[in-house]
Peer 1: 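Right, I'll just put the structure down here and ask away after.
Each chain gets a letter, A, B and so on, in the order the sequences are listed, and its residues count up from 1.
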Number of protein chains: 2
Amino acid sequence: MSQDSTGVDLETSLGYLLKEASSALRAAMEEALRPFGMNVTRYACLELLAQRPGLSNSELARGAFVTRQSMNVLLQALEREGYVTRPAEAPVGKILPTRLTPLGRQSLEKATAAVRSVEVRMLAGMTGPEQSEAFRLLQSMIRSLRDTA
Amino acid sequence: MSQDSTGVDLETSLGYLLKEASSALRAAMEEALRPFGMNVTRYACLELLAQRPGLSNSELARGAFVTRQSMNVLLQALEREGYVTRPAEAPVGKILPTRLTPLGRQSLEKATAAVRSVEVRMLAGMTGPEQSEAFRLLQSMIRSLRDTA
DNA sequence: GAGCTTATGTCAGAATGCTGACATGAGTCA
DNA sequence: TGACTCATGTCAGCATTCTGACATAAGCTC
């Protein structure tokens with residue numbers, strides 16, 4: 001009996017375990033990215049831009065799971081440091097499409113190997129079907145949380 | 001072909017999906033806890049103390065997945081507001097065992113129902129065996145990330 | 001006991017992310 | 001056209017969490 005009637009047993013809670021896994025992944029990612037002077041959000045932003053050039057600030061924010069205000073601060077820094085470019089004026093509406101510079105692309109490529117090795121490490125010990133199942137189950141959780149919101 | 005040889009395809013990355021799930025859970029939790037003037041870390045701290053009274057600052061930090069410095073800031077606030085108590089002097093070593101006050105316990109109980117409903121919502125659509133499998137797979141990821149660190 | 005390593009509590013400063021607010025542009029609809 | 005709604009970019013202020021640093025206590029080894 002590790003649990004009274006009113007509490008949430010942390011030892012058996014999937015939510016708690018999900019947070020633990022995310023925390024472990026984040027720590028491993030930050031550690032892997034630190035030698036490149038990068039953090040997780042910064043890397044996510046660059047990776048998103050590599051795969052879908054021209055994303056707006058708000059789209060990048062949604063993709064990196066931060067608010068558009070936070071992403072705006074980050075983009076201003078990246079722009080100042082020469083990793084990305086944005087047009088001075090919006091070609092349409094207020095959206096400023098962002099693109100990687102050669103410097104940004106180069107910086108991303110250095111970090112990518114480190115990030116990939118973290119993911120490989122995380123999945124070591126899981127079979128292909130198990131990885132597919134994990135993918136499916138996580139998608140189910142996300143959908144349930146969003147739909148009923 | 002959505003993927004060149006150097007990148008990490010975010011659409012199929014389990015790491016990215018794990019971050020997405022964690023982000024969705026966190027958002028749902030923060031929203032559920034806001035009416036009670038609480039956030040996730042604060043709730044985790046109180047819940048840990050309810051289940052294992054007398055935990056030290058460092059142990060609470062590990063349980064809530066923040067640094068001990070962050071937990072120290074939080075504990076000082078909780079103590080000031082009367083939710084927890086710590087002895088003025090360490091009974092042994094430097095460890096200050098923390099305990100919930102009646103006010104802290106009462107505050108926790110109010111929040112618990114909200115938190116539990118979020119977890120139930122997240123698991124809607126998953127069978128019992130699927131939940132067990134998700135638990136097992138997340139544990140595997142955590143172990144792999146930690147062991148090879 | 002002396003020395004080493006590890007863990008703890010704490011302070012200070014910096015980085016990061018959030019909420020609130022505002023102005024502006026696009027789309028919809030009557 | 002005008003009114004309404006929604007999404008966007010941005011500024012400001014605040015909250016949260018982090019890294020770095022220090023002193024101290026426990027445990028272990030010699």
Peer 1: Distance check needed: dC18(C) P versus R62(A) CZ, whole Å only.
Peer 2: 14 Å
Peer 1: On DNA chain C, nearest-nucleotide positions of N39(A) versus G93(A): which is more 5'?
Peer 2: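 Whichever sits nearer the 5' end wins; that is N39(A).
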Peer 1: Of the options dT10(C), dC18(C), dG9(D), whose atoms approach the side-chain atoms of N57(B) most closely?
Peer 2: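 The nucleotide sitting nearest to the side chain is dT10(C).
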Peer 1: For R42(A), which contact category applies under a 4.0 Å heavy-atom criterion: base, sugar-phosphate, or nothing?
Peer 2: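 Result for R42(A) = nothing.
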Peer 1: Starting at CG of L60(A) and ending at C1' of dG9(D), how long is that distance when rounded to a whole Å?
Peer 2: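 Atom-to-atom, L60(A) to dG9(D), this comes out as 13 Å.
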Peer 1: Given atom CD of E59(A) and atom C1' of dT8(D), what is their separation to the nearest angstrom?
Peer 2: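 So the two atoms are 10 Å apart, to the nearest Å.
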Peer 1: Go nucleotide by nucleotide along DNA chain C from the 5' end; which of V92(A) and T41(A) gets its closest nucleotide reached first?
Peer 2: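 First, find each residue's nearest nucleotide; the 5'-ward one identifies T41(A).
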Peer 1: Of the residues in residues 69-86 of chain B, which ones touch DNA chain D at a heavy-atom distance under 4.0 Å?
Peer 2: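 Contacts with DNA chain D under 4.0 Å: Q69(B), S70(B).
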Peer 1: Choosing from dC18(C), dG9(C), dA23(C), which nucleotide comes nearest the side chain of K94(A)?
Peer 2: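 Of the options given, the side chain of K94(A) lies nearest dA23(C).
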Peer 1: Has T101(A) got a side-chain atom pairing as donor or acceptor with Y83(A)'s backbone, closer than 3.5 angstrom?
Peer 2: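 Judged by distance alone, yes, a pair lies under 3.5 Å.
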Peer 1: Kindly say if T67(A) contacts the phosphate of dG17(C), meaning a side-chain N or O under 4.0 Å from OP1 or OP2.
Peer 2: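 So the side chain of T67(A) is outside the cut-off, no N or O lying under 4.0 Å from OP1 or OP2 of dG17(C).
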Peer 1: What I'd like to find out is whether the side chain of V66(A) reaches to under 4.5 Å of the side chain of L74(A), using heavy atoms alone.
Peer 2: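 A side-chain contact under 4.5 Å is absent here.
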Peer 1: So, do L33(B) and N39(B) sit near enough that their side-chain heavy atoms are less than 4.5 Å apart?
Peer 2: no
Peer 1: Taking the side chain from S144(B) and the backbone from M141(B), do they hold a donor-acceptor pair closer than 3.5 Å?
Peer 2: no
Peer 1: Hey, does the side chain of E130(B) reach the backbone of T127(B) with a donor-acceptor pair shorter than 3.5 angstrom?
Peer 2: yes
Peer 1: Provide, to the nearest angstrom, the distance between the OH atom belonging to Y43(A) and the P atom belonging to dT16(C).
Peer 2: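 Computing the Y43(A):OH to dT16(C):P distance gives 18 Å.
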Peer 1: If you take the centroid of each ring, where Trp contributes its six-membered ring, are F135(B) and Y16(A) closer together than 6.0 Å?
Peer 2: no
Peer 1: Output the rounded distance in Å from CD (E30(A)) to P (dT17(D)).
Peer 2: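 About 15 Å, once rounded to whole Å.
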Peer 1: dT10(D) C1' sits how many Å from E89(A) CD, rounded?
Peer 2: 16 Å
Peer 1: Rounded to the Å, how far apart are I95(B) CD1 and dT6(C) P?
Peer 2: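 Between P of dT6(C) and CD1 of I95(B): 17 Å.
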Peer 1: In whole Å, what is the span from the CG atom of L55(B) to the P atom of dA7(C)?
Peer 2: 17 Å
Peer 1: Can you tell me which nucleotide in dG9(C), dT16(C), dG9(D) comes closest to the side chain of L96(B)?
Peer 2: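 The answer is dG9(C).
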Peer 1: Test your reading of the model: is there a side-chain donor-acceptor pair from R99(B) to the backbone of T85(B), 3.5 Å cut-off?
Peer 2: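 Pair absent, no side-chain N/O of R99(B) close to backbone of T85(B).
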Peer 1: Categorize S58(B) for me: base, sugar-phosphate, or nothing, with a 4.0 angstrom heavy-atom threshold over every strand shown.
Peer 2: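 Result for S58(B) = sugar-phosphate.
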Peer 1: Taking the minimum atom-to-atom distance to the side chain of R26(B), which one of dT10(D), dT19(C), dT17(D) wins?
Peer 2: dT17(D)
